[in-house]
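Below, all heavy atoms of this structure are taken into account, side chains as well, without hydrogens, waters or symmetry copies.
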Amino acid sequence: MKEKRSLENGMRDSRFPPSLFFVYLVVLLLMSGMHTGILVGMGQLRWNGFVQTAVPILYWSAVAVGLTLFTRRQVKKTYEEPMHKLAEATKKVAEGDFSIYIAPLHTVEKMDYLDKMLLDFNKMVEELGSIETLKTDFFSNVSHEIKTPLAIIQNNAELLCMENLTEQQQAYADTIFQASQRLADLISNILKLNKLEKQAITPVLEPYDLCEQLAQCAVNYEPAWEKRGLEFEADLEDYAEISADPALMELVWNNLLSNAIKFTEPGGKITLTESSDEKTIRVSVQDTGCGMTEETKKHIFEKFYQGDTSHSTEGNGLGLALALRVLQLSGFQMEVASEPGKGSTFTVWIPKAEREEGAENEGTGGEF
């Protein structure tokens, strides 16, 4: 029944054509005939017994090696190479790349079930890409529409906080203002992430002092860590030049520092470290907070994912997704090390800015 249905659809059931088995049969029959000829010839020539034993063994060893290599080549070409391509494409789709396309192995007239599977895979990826685009456009359009009424709510809530209100009224006004501020931050992050994913924002690379930027970001969070009673330690070099977009990289450091503060209990410690070697600059933000399980670490860069729901009111789950996208566009890497109850360490690896020899000579003897 299956064979009939496949024939009706014009699709082959097997990836190995019948001609291949005919080739095997003919080759083996020829080899057997040659074996018989060799035995007869050696008998007529009256070779000694050792030679008459060794020659057939060597002959069939060569035949076995040849058939094995030929079979291996056919299996690799027929199954392994297409499956490796499919596995690599599946991995990229799982990472969010919906631009993948795998070309069928045969034309329409010679298609088999593997070609059909590749075509179905391409169709699935296309549908997933359409859904992702629709979702992204929806978030973007809704976010734009919400911005104006939200600004009105936020401004009026701020004005209410300035009036002479009772303690209860003041609490209500503060709640409205804080909630509108959180919503404004969420919308801002959604729009930034959408632009980064669509590459509507292109990093404008320029050389600048990373250490100065890190120090400024840390100072900006001083009221936050003091309010929570945290110890903050920074170990930075005097100067480290990188080639990147300063505004986008500031988003990365702000997200890492705010997360460290948010997930560290009062009395804990946050350490900001920057070091470098000849080729790479390493920046790490370490905290002594609640840490993460292995399962949580697998999802922390997903949009809107929040592993620790006890802090969900302090964020929107977009910060790390935003930071990772900035680093990807900049060609940088980030690693995460964490254990439950032992804190987390986020490490960013940045290649050192390549400077022309002439520029280095110009800078010799000068001051930054």
Side-chain angles (χ1 to χ4, degrees), residues 143 178 180-197 201-206 208-228 230-237 240 242-264 268-274 281-289 292 300-308 311-336 338 343-350:
S143 298
Q178 291 172 9
S180 62
Q181 183 62 50
R182 280 191 60 220
L183 188 54
D185 292 340
L186 171 62
I187 291 172
S188 177
N189 284 338
I190 288 175
L191 293 175
K192 287 177 184 175
L193 190 56
N194 282 344
K195 289 180 179 179
L196 287 171
E197 288 180 338
I201 298 178
T202 304
V204 180
L205 305 184
E206 60 178 82
Y208 71 93
D209 183 10
L210 174 63
C211 297
E212 181 182 353
Q213 185 182 51
L214 291 172
Q216 186 59 51
C217 289
V219 169
N220 291 341
Y221 280 95
E222 184 175 1
W225 84 61
E226 287 185 346
K227 182 179 179 181
R228 293 180 65 90
L230 303 177
E231 179 184 352
F232 189 92
E233 181 179 318
D235 183 9
L236 310 176
E237 295 177 309
I242 68 170
S243 180
D245 189 318
L248 291 180
M249 291 304 295
E250 188 175 346
L251 291 175
V252 176
W253 313 131
N254 285 339
N255 276 302
L256 295 182
L257 289 172
S258 64
N259 274 354
I261 293 171
K262 179 170 66 174
F263 291 104
T264 304
K269 181 179 179 180
I270 297 172
T271 306
L272 172 63
T273 306
E274 180 273 329
I281 297 174
R282 172 180 172 273
V283 179
S284 66
V285 178
Q286 182 180 11
D287 64 64
T288 58
M292 294 178 284
I300 55 174
F301 296 110
E302 295 177 6
K303 289 180 284 188
F304 301 107
Y305 179 81
Q306 291 181 303
D308 183 2
H311 295 82
S312 60
T313 58
E314 300 175 37
N316 47 53
L318 287 177
L320 288 177
L322 190 61
L324 180 64
R325 185 56 182 158
V326 169
L327 293 175
Q328 289 173 339
L329 288 176
S330 304
F332 305 153
Q333 295 180 341
M334 178 159 57
E335 295 179 356
V336 184
S338 183
S344 304
T345 302
F346 287 81
T347 304
V348 177
W349 301 90
I350 303 173

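Among residues two or more places apart in sequence or in another chain, the ring pair (Phe, Tyr, Trp, His ring centres under 6.0 Å) test is passed with W225 by F232. Listed by chain and number, the residues in a side chain to side chain donor-acceptor pair (under 3.5 Å) with S338 are S344 (sequence neighbours excluded). Annotation: salt bridge (Lys or Arg N to Asp or Glu O under 4.0 Å) contacts of E335 (sequence neighbours excluded): none.
A donor and an acceptor atom, one from each side chain of D209 and Q213, are nowhere located under 3.5 Å apart.
Rounded to the nearest 0.5 angstrom, I350 CD1 and I242 CD1 are separated by 4.5 Å. With values rounded to the nearest 0.5 angstrom, E231 atom CD is found 12.5 Å from E226 atom CD. Taking CZ of R325 as the reference point, atom CZ of F301 lies at 14.0 Å (rounded to 0.5 Å). With rounding to the nearest 0.5 Å, the separation of CG in L214 from CG in L257 is 8.0 Å. Going from atom CD1 of I270 over to atom CG of L230 covers 5.0 Å, rounded to the nearest 0.5 Å. To the nearest 0.5 Å, atoms CE (M249) and SG (C217) are separated by 9.5 Å.
Annotation for L205 and S243: closest pair CB-OG, 3.9 Å, computed over non-hydrogen atoms. Scanning both residues, R228 and T264, for their nearest heavy atoms gives NH2-O, 3.0 Å. Of all heavy-atom pairs between A260 and V285, the closest is CB-CG1, 3.9 Å.
Side-chain contact check for V348 versus W253: some heavy-atom pair is nearer than 4.5 Å. Side chains of W349 and I281 form no contact here, defined as non-hydrogen atoms less than 4.5 Å apart. Taking 4.5 Å as the limit, every side-chain heavy atom of V283 sits out of range of all side-chain heavy atoms of T273. A heavy-atom distance below 4.5 Å is not found between the side chains of V336 and T345. Residues E233 and L272 fail the side-chain proximity criterion, which asks for heavy atoms closer than 4.5 Å.
With hydrogens and angles disregarded, a donor-acceptor distance shorter than 3.5 Å links the side chain of T288 to the backbone of K269. Panel note: side chain Y208, backbone A244; no donor-acceptor pair is recorded below 3.5 Å. In terms of modelled atom types and a separation under 3.5 Å, the side chain of D245 and the main chain of V204 share a donor-acceptor contact. Between the side chain of S258 and the backbone N or O of N255 there is at least one donor-acceptor pair closer than 3.5 Å.
Around atom CD of Q333, no more than 12 heavy atoms belonging to other residues, nucleotides or ligands sit under 6.0 Å away.
When the options V252, N259, N254 are evaluated for a side chain to side chain contact (heavy atoms under 4.5 Å, CB included) with L256, the one that passes is V252.
Under a 4.0 Å N-O distance rule, the pair E274/R282 does not qualify as a salt bridge.
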